*Asks:* 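Below is the structure I would like to discuss, written out as C-alpha cells.
Values reported hereafter were calculated over all heavy atoms of this structure, with side chains retained and with hydrogens, waters and symmetry mates removed. Note that the structure is a prediction, hence the values are computed from the model and not measured.
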Amino acid sequence: MTVSSVLVVGGGIAGVSTAAELRKQGYVGELTLLTVDPFPYDRPPLSKEYLAGAKDLGSIALQAAGWYAEQRIDLVAPALVESLDPAAGTVVLMGGRQLSADRIVLATGGNSRWPDFERVVGERLDFPPAGEGIPISTTGIHTLRSAEDADALQHVLLARARLLVVGAGLIGAEVASTARKLGCEVVLVDPADPPIAVAVGTRVAAWLHSLHAVHGVETVTATVEKLESTRVGVVAHIAGEVEPRTFDAVLLAVGMGPDTALAKAAGLEVDNGVLVDDHQVTSHPNVLAVGDCARRRGRRRAEHWEAALHDGQRAATTILGVDAGAETAPWFWTDRYDLHVEVVGEMHDPDSEHENVVRGALGEPPFSVFTLRGERVIGAVAVDDPNAVRAARRMIDRGVDVRASDLADPQTDLRKLLRGSR
C-alpha cells in the first residue's frame, strides 16, 4: 500500500525527526505534525541555559519558524489529541476536529514520575499518581518536563532561595548546578550512593556526585518521606532526620513515565511504554510509536535525546519501506558545573569479565574511562573529552580489538587504534 498521508502526534525531537526524515527520504505525501506546545522546542536546555535565563524559548526551537512551511509540513499547534482510532486511521482533537492519515506516529513523550512518599498539600491528598503530570507551581512543588515547568521553577530561583531537589540523576544534578549559579541554597537528596553509577560506573559516579559539595550543594543520601505545602514554604520530612526542613521550592526529579494514555485507550499493547517492534510498529500496523513513549519488545525503554532522534528516523524509513541502516552504540550527554560529560555503550565496574581503563587522571578533566570485555571496548564515559567518546563509539560499532595499555596512554592516537594498527 502506498502511503499518501502521515500524521505525527507529538512535537519533541522524536516527532520532529520523524517528519524531517520522511522529507529527507523523498516522501512527497501529506504530512501533519501535532504538538501541545506553541511550537516544537528542545528539552535538554530546560534544566540548563533556559532555566538560567540565558536562552529564551525561541532560541531552543527544534527548527526555524519557516522550516515547516518549506518542508510542506502542516504544523498544528497547540493541539491536544483526545482520542485515536487505529483501524480508521483517525485522531480527534480537543474541540472536535478530526484528522486522518494512512499512518499515525505516536511521539507523546512522557510525564514526570512522583515518589512514593506521602503526598500532602495542606490537608488535601490530591497529588496525581505516578506518570500523571500537572502544573503544580502554586504548591511550591515542581517537576520539569516542559518550558512551562521551567518558567514556574525559574520564578522562584532567586538568590538565596532554598531549593530541595529530590533525585540526583541527570536532571536533578543539572538543576542543582543551575540553581547554584543563580545563588540558591540547594539540598540534593537521593537514596543511591552514588547516583547514576549504573550509567557511568561507580568511580566516575562518585566523583561527579562529589562536585556538588565542591560547589556548595548539600547532598543527603536518604529518601524524602513526606512533603507539606505551608504558608512559609514546603516542609520536607527527610528519612533519618529528626526535624523537618522548610524550603522555598522543591523539585521532584525522580524520573519520567511514558505517556501511554492515548495508546492504551485506543487498545494498543502497552507495557512500560507503547510496545513496538524493531521497526517502531505498534500492535496495530497503522500506528507507529517513537521516543520516550515507546519501548521496543524485549528491551529497556530508552529515555535519551539521541535515542528519540533515531526512533523517529527509523519510523520514517519503515513507513517508506527503505533500509534504516545499522544501529550504533547508544550515547547521551549531561552538563554540570561547566563540565561536559558524554557516555557511550555500556559501562561496567571491574569484575571477572570487565576491565576499566582510565585515560588521563580520573577527577582531573579532561579524562575518560573505558570498559573493556576482553580486548573489545563496550562502553566509555568522558569528561570534557569528546574525541575519546567518538573514538570509543566507532570501536564499539566496528568491533575493533584494542589493548588496555594503548587506551590508557594519552599519547596514543585513538584514530590509529581504529585503523587496527598497534
Side-chain angles (χ1 to χ4, degrees), residues 42-55 59-60 144 150 153-154 157 163 165 167-190 192-221 251 253 255 303-306 329-347 349 356-371 377 379-393 407-408 410 414:
D42 210 10
R43 261 55 180 182
L46 295 181
S47 58
K48 299 181 282 288
E49 302 96 333
Y50 184 85
L51 184 61
K55 291 186 176 181
S59 67
I60 64 171
L144 186 57
L153 182 59
Q154 184 190 60
L157 295 186
L163 174 68
V165 180
L170 301 185
I171 298 300
E174 289 172 357
V175 170
S177 172
T178 300
R180 280 301 295 153
K181 288 182 180 179
L182 295 173
C184 299
E185 299 175 6
V186 182
V187 176
L188 182 61
V189 177
D190 195 298
D193 184 20
I196 72 168
V198 67
V200 302
T202 300
R203 291 180 67 194
V204 174
W207 177 76
L208 286 172
H209 197 53
S210 73
L211 294 175
H212 295 301
V214 172
H215 289 85
V217 172
E218 179 187 352
T219 58
V220 181
T221 302
L251 173 70
E303 297 179 3
H304 297 300
W305 189 94
E306 192 190 57
W331 166 86
F332 70 91
W333 84 95
T334 183
D335 297 305
R336 64 179 74 179
Y337 306 114
D338 297 322
L339 294 172
H340 183 64
V341 183
E342 295 184 53
V343 184
V344 65
E346 300 179 7
M347 293 299 296
D349 288 336
N356 281 183
V357 179
V358 179
R359 184 178 178 88
L362 195 152
E364 298 179 17
F367 70 88
S368 52
V369 180
F370 298 81
T371 290
V377 175
V381 56
V383 180
D384 287 347
D385 192 5
N387 289 335
V389 163
R390 282 195 288 269
R393 190 173 204 176
L407 287 175
L414 295 178

*Asks:* Do the non-hydrogen side-chain atoms of Glu342 and Pro386 ever get within less than 4.5 Å of each other?
*Replies:* yes

*Asks:* Please tell me if the side chains of Val165 and Val187 come closer than 4.5 Å, counting only heavy atoms from C-beta onward.
*Replies:* no

*Asks:* Met347 versus Val369: any side-chain heavy-atom pair under 4.5 Å?
*Replies:* yes

*Asks:* Does a donor on one side chain sit under 3.5 Å from an acceptor on the other, for Thr221 and Asp193?
*Replies:* no

*Asks:* For the backbone of Val186 and the side chain of Arg180, can you confirm whether one donor and one acceptor N or O come within less than 3.5 Å of each other?
*Replies:* no

*Asks:* Taking the side chain as everything from C-beta on, heavy atoms only, tell me whether Leu339 gets closer than 4.5 Å to Leu211.
*Replies:* yes

*Asks:* Quick check for you: to the nearest 0.5 Å, what is the distance between Trp331 atom CH2 and Trp305 atom CH2?
*Replies:* 7.0 Å

*Asks:* Does a side-chain N-to-carboxylate-O contact under 4.0 Å join Arg336 and Glu174?
*Replies:* no

*Asks:* Just by distance, do the side chain of Lys181 and the backbone of Ser177 share a donor-acceptor pair under 3.5 Å?
*Replies:* no

*Asks:* Calculate, to the nearest 0.5 Å, the distance between atoms CG and OG1 belonging to Leu188 and Thr219 respectively.
*Replies:* 7.0 Å

*Asks:* Heavy atoms only: give me the nearest Val217-Ala176 pair and the separation to one decimal.
*Replies:* CG2-O, 4.3 Å

*Asks:* Could you tell me which non-hydrogen atom of Val381 sits nearest to which non-hydrogen atom of Val200, and how far apart they are?
*Replies:* CG1-O, 3.8 Å

*Asks:* Is there a side chain to side chain contact (heavy atoms under 4.5 Å, CB included) between Leu144 and Leu251? Walk through the geometry before answering.
*Replies:* CA-CA 8 Å; Leu144 186 57; Leu251 173 70; 4.1 Å; yes

*Asks:* Which pair of heavy atoms, one from Val344 and one from Ala329, lies closest together, and at what distance?
*Replies:* CG2-CB, 3.9 Å

*Asks:* Report yes or no: does Asp384 contribute a side-chain atom to a donor-acceptor pair with the main-chain N or O of His340 at less than 3.5 Å?
*Replies:* yes

*Asks:* What verdict does the ring pair (Phe, Tyr, Trp, His ring centres under 6.0 Å) test give for His209 and His212, after you've listed the backbone C-alpha separation in whole Å, the side-chain angles of each residue and the deciding distance to 0.1 Å?
*Replies:* CA-CA 6 Å; His209 197 53; His212 295 301; 5.3 Å; yes

*Asks:* Can a donor-acceptor pair be found, under 3.5 Å and without considering hydrogens, that links the side chain of Arg359 to the backbone of Leu407?
*Replies:* yes

*Asks:* Of all heavy-atom pairs between Gln154 and Ala52, which one has the smallest distance, and what is that distance?
*Replies:* NE2-C, 4.0 Å

*Asks:* Apply the side-chain contact (heavy atoms from CB on, under 4.5 Å) test between Lys55 and each candidate in Ile60, Asp42, Leu46; give the one that qualifies.
*Replies:* Ile60

*Asks:* With a 4.5 Å cut-off on side-chain heavy atoms, are Ser59 and Tyr50 touching?
*Replies:* no

*Asks:* Is the side chain of Arg203 donor-acceptor paired with the backbone N or O of Trp207 at a distance under 3.5 Å, no angle test?
*Replies:* no

*Asks:* Give, for atom CG of Leu362 and atom CZ of Phe367, the distance between the pair rounded to the nearest 0.5 Å.
*Replies:* 4.5 Å

*Asks:* Does Val175 form a side chain to side chain contact (heavy atoms under 4.5 Å, CB included) with Leu163? I'd like the steps, not just the answer.
*Replies:* CA-CA 10 Å; Val175 170; Leu163 174 68; 4.3 Å; yes

*Asks:* Enter the distance from Thr334:OG1 to Ile196:CD1 here, rounded to the nearest 0.5 Å.
*Replies:* 7.0 Å

*Asks:* Does Thr178 reach the main-chain N or O of Ser47 with its side chain, forming a donor-acceptor pair under 3.5 Å?
*Replies:* yes

*Asks:* Kindly compute the distance separating CG (Leu153) from CG (Leu51), expressed to the nearest 0.5 Å.
*Replies:* 5.0 Å

*Asks:* Check Pro194 against Ala205 and note the closest heavy-atom contact, atom names and distance.
*Replies:* CG-CB, 3.6 Å

*Asks:* Could you grab the distance from atom SG of Cys184 to atom CG of Leu157, nearest 0.5 Å is fine?
*Replies:* 4.5 Å

*Asks:* Does this structure show an ion pair linking Arg393 with Glu306, if we count only N-O contacts that are shorter than 4.0 Å?
*Replies:* yes

